[in-house]
2 protein chains.
Amino acid sequence: MKQIAASQAYRLLEPGPVVLVTTQCEGVANVMTMGFHMMIQHAPPLIGCVIGPWDHSYEALSETGECVIAIPTLDLAEAVVDIGNCSGDQVDKFQRFGLTKRPGKAVSAPLIVDCLANIECRVADRTLVDTYNLFILEAKEIWIDEDRTETRTIHHRGNGSFIVDGAMLNLSDQMAKWRHLP
Amino acid sequence: MKQIAASQAYRLLEPGPVVLVTTQCEGVANVMTMGFHMMIQHAPPLIGCVIGPWDHSYEALSETGECVIAIPTLDLAEAVVDIGNCSGDQVDKFQRFGLTKRPGKAVSAPLIVDCLANIECRVADRTLVDTYNLFILEAKEIWIDEDRTETRTIHHRGNGSFIVDGAMLNLSDQMAKWRHLP
């Protein structure tokens, strides 16, 4: 996996793929599926996401303030659904779904080698956690697997229905560069 | 346009399409392009979005507490970029881009007839507006154009590069219904 600047998080998350989130607490790693997330700010790169007490990962994230947002592609679609169907309270999901962990650099939560990209994050703001379970994370390190052939992410439409990435449309020449982006 | 329940907002927004946002203040309507948004809660349906003082719409949204999130499809891609390239301070964007307005039901901001869907929203929480320009909106009414042939939305990867909706993948049979959704 190749490292890219944390400022590039928006390229991965603004398109709205469904993601996996890993945590690690007291030596135990867990992974969950997450659809409610957004970019909030370019610099420093801030990400909003909803993880609630109904998620087993909520306690680990609250406790450690660390997680990894991993971006799965089409080949992992069934695992993505099933990861959301069971709880880390009862099962080691890395083992059950044959996911390969790798240590990150900035956080204790593991990277998922089987994903297209991994964003190491640290909780930056908990103001709206009590009200909406809305965590604001700062992206610290990003890793991309540049060797995989399947790069299509999937977008959750609710109730297990997904849209798969289709064609690319490049209108960058048309885009005014009036706002300086990293 | 057909009306559907406001609780269905997640089906439109969770996949992460780039959207247009309309406002209306003192009789003047405006529209902007927005990529930073997310679902926050199913019931009542809450949406997070970043609209900053650099956006001309910021003042209208702050003033009126109302907006419409309109979802454009591939046929509007060039307009979506150009709408983000100019400011409502200097131009009537509805006129420039040939967009057709229609009055909504719950808010004064107009619907955009040319879009696939329109979500009428009211600001529900401004706690993080000062810190991150993060508005939390409640979806009030949703309108869908069921007659259009082009239904593919586009997802911004940053810098004017987009991913177009591809195939549908239906894994709803595999999805455990352990969490009751509307």
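Sequence lines set the chain letters: A, B, ... in the order given, protein chains first and strands last, and positions in each chain run from 1.
The list of side-chain hydrogen bond (donor to acceptor under 3.5 Å, both in side chains) pairs with a residue in residues 17-29 of chain B, not counting sequence neighbours, is empty.
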- [ ] Could you check B:Phe36 against A:Leu46 for side chain to side chain contact (heavy atoms under 4.5 Å, CB included), going step by step and ending with a plain yes or no?
- [x] CA-CA 11 Å; B:Phe36 286 10; A:Leu46 297 183; over 6 Å; no

Task: Test side chain to side chain contact (heavy atoms under 4.5 Å, CB included) applied to B:His155 and A:His155, step by step - done: CA-CA 10 Å; B:His155 306 257; A:His155 306 256; 3.7 Å; yes

- [ ] Report the C-alpha distance between B:Met168 and A:Val164 in whole Å, list the side-chain angles of each, state the deciding distance to 0.1 Å, and finish with yes or no for side chain to side chain contact (heavy atoms under 4.5 Å, CB included).
- [x] CA-CA 6 Å; B:Met168 280 279 294; A:Val164 182; over 6 Å; no

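In this structure, chain A has no heavy atom under 4.5 Å from any part of B:Leu12. Heavy atoms of A:Leu13 lying under 4.5 Å from chain B are absent altogether.
Residue A:Val81 comes nearest to B:Gln174 through the heavy atom pair CB-NE2, 3.6 Å, listed as atom of the first residue, atom of the second, then distance. Minimum interatomic distance between A:Val50 and B:Met38 (heavy atoms only, all atoms of both residues): CG2-CE, 3.8 Å.
To the nearest 0.5 Å, atom OG of residue A:Ser172 and atom CZ of residue B:Arg157 are 13.0 Å apart. Here the CG atom belonging to B:Leu169 is positioned 10.0 Å from the NE2 atom belonging to A:His156, to the nearest 0.5 angstrom. Note that the NE2 atom of B:His37 and the NE2 atom of A:His37 stand 10.5 Å from one another [nearest 0.5 Å].
Heavy-atom neighbours of A:Gln3 CD from other residues, nucleotides or ligands within 6.0 Å: above the threshold of 12.
Interface summary for chain A: among B:Asp82, B:Asn170, B:Ile154, the most heavy-atom pairs under 4.5 angstrom belong to B:Asp82. When A:Pro17, A:Pro15, A:Ala167 are compared by the number of non-hydrogen pairs under 4.5 Å with chain B, A:Pro15 comes out ahead. Top candidate by heavy-atom pairs under 4.5 Å with chain B, chosen from A:Gly166, A:Gly160, A:Gly16, A:Ser161, is A:Gly160. Note: B:Asp165 leads B:Leu74, B:Asp165, B:Val18 in heavy-atom pairs under 4.5 Å with chain A.
One hydrophobic cluster holds both A:Ile69 and A:Val129 under the rule that ILVMFWY side chains link at heavy-atom gaps under 4.5 Å. B:Ile163 and B:Ile71 are members of different hydrophobic clusters when ILVMFWY side chains are connected at heavy-atom separations under 4.5 Å. If you chain together hydrophobic residues whose side chains sit under 4.5 Å apart, B:Val68 and B:Leu76 never meet in one group.
At a heavy-atom cut-off of under 4.5 Å, chain A is reached by B:Tyr132, B:Leu134, B:Ile136 from residues 130-153 of chain B, listed in order of number. When the heavy atoms of residues 94-128 of chain B are compared with those of chain A, the residues falling under 4.5 Å are B:Asp125, B:Thr127, B:Leu128, listed by number. Interface residues of residues 58-67 of chain B toward chain A, defined by a heavy-atom distance below 4.5 Å: none.
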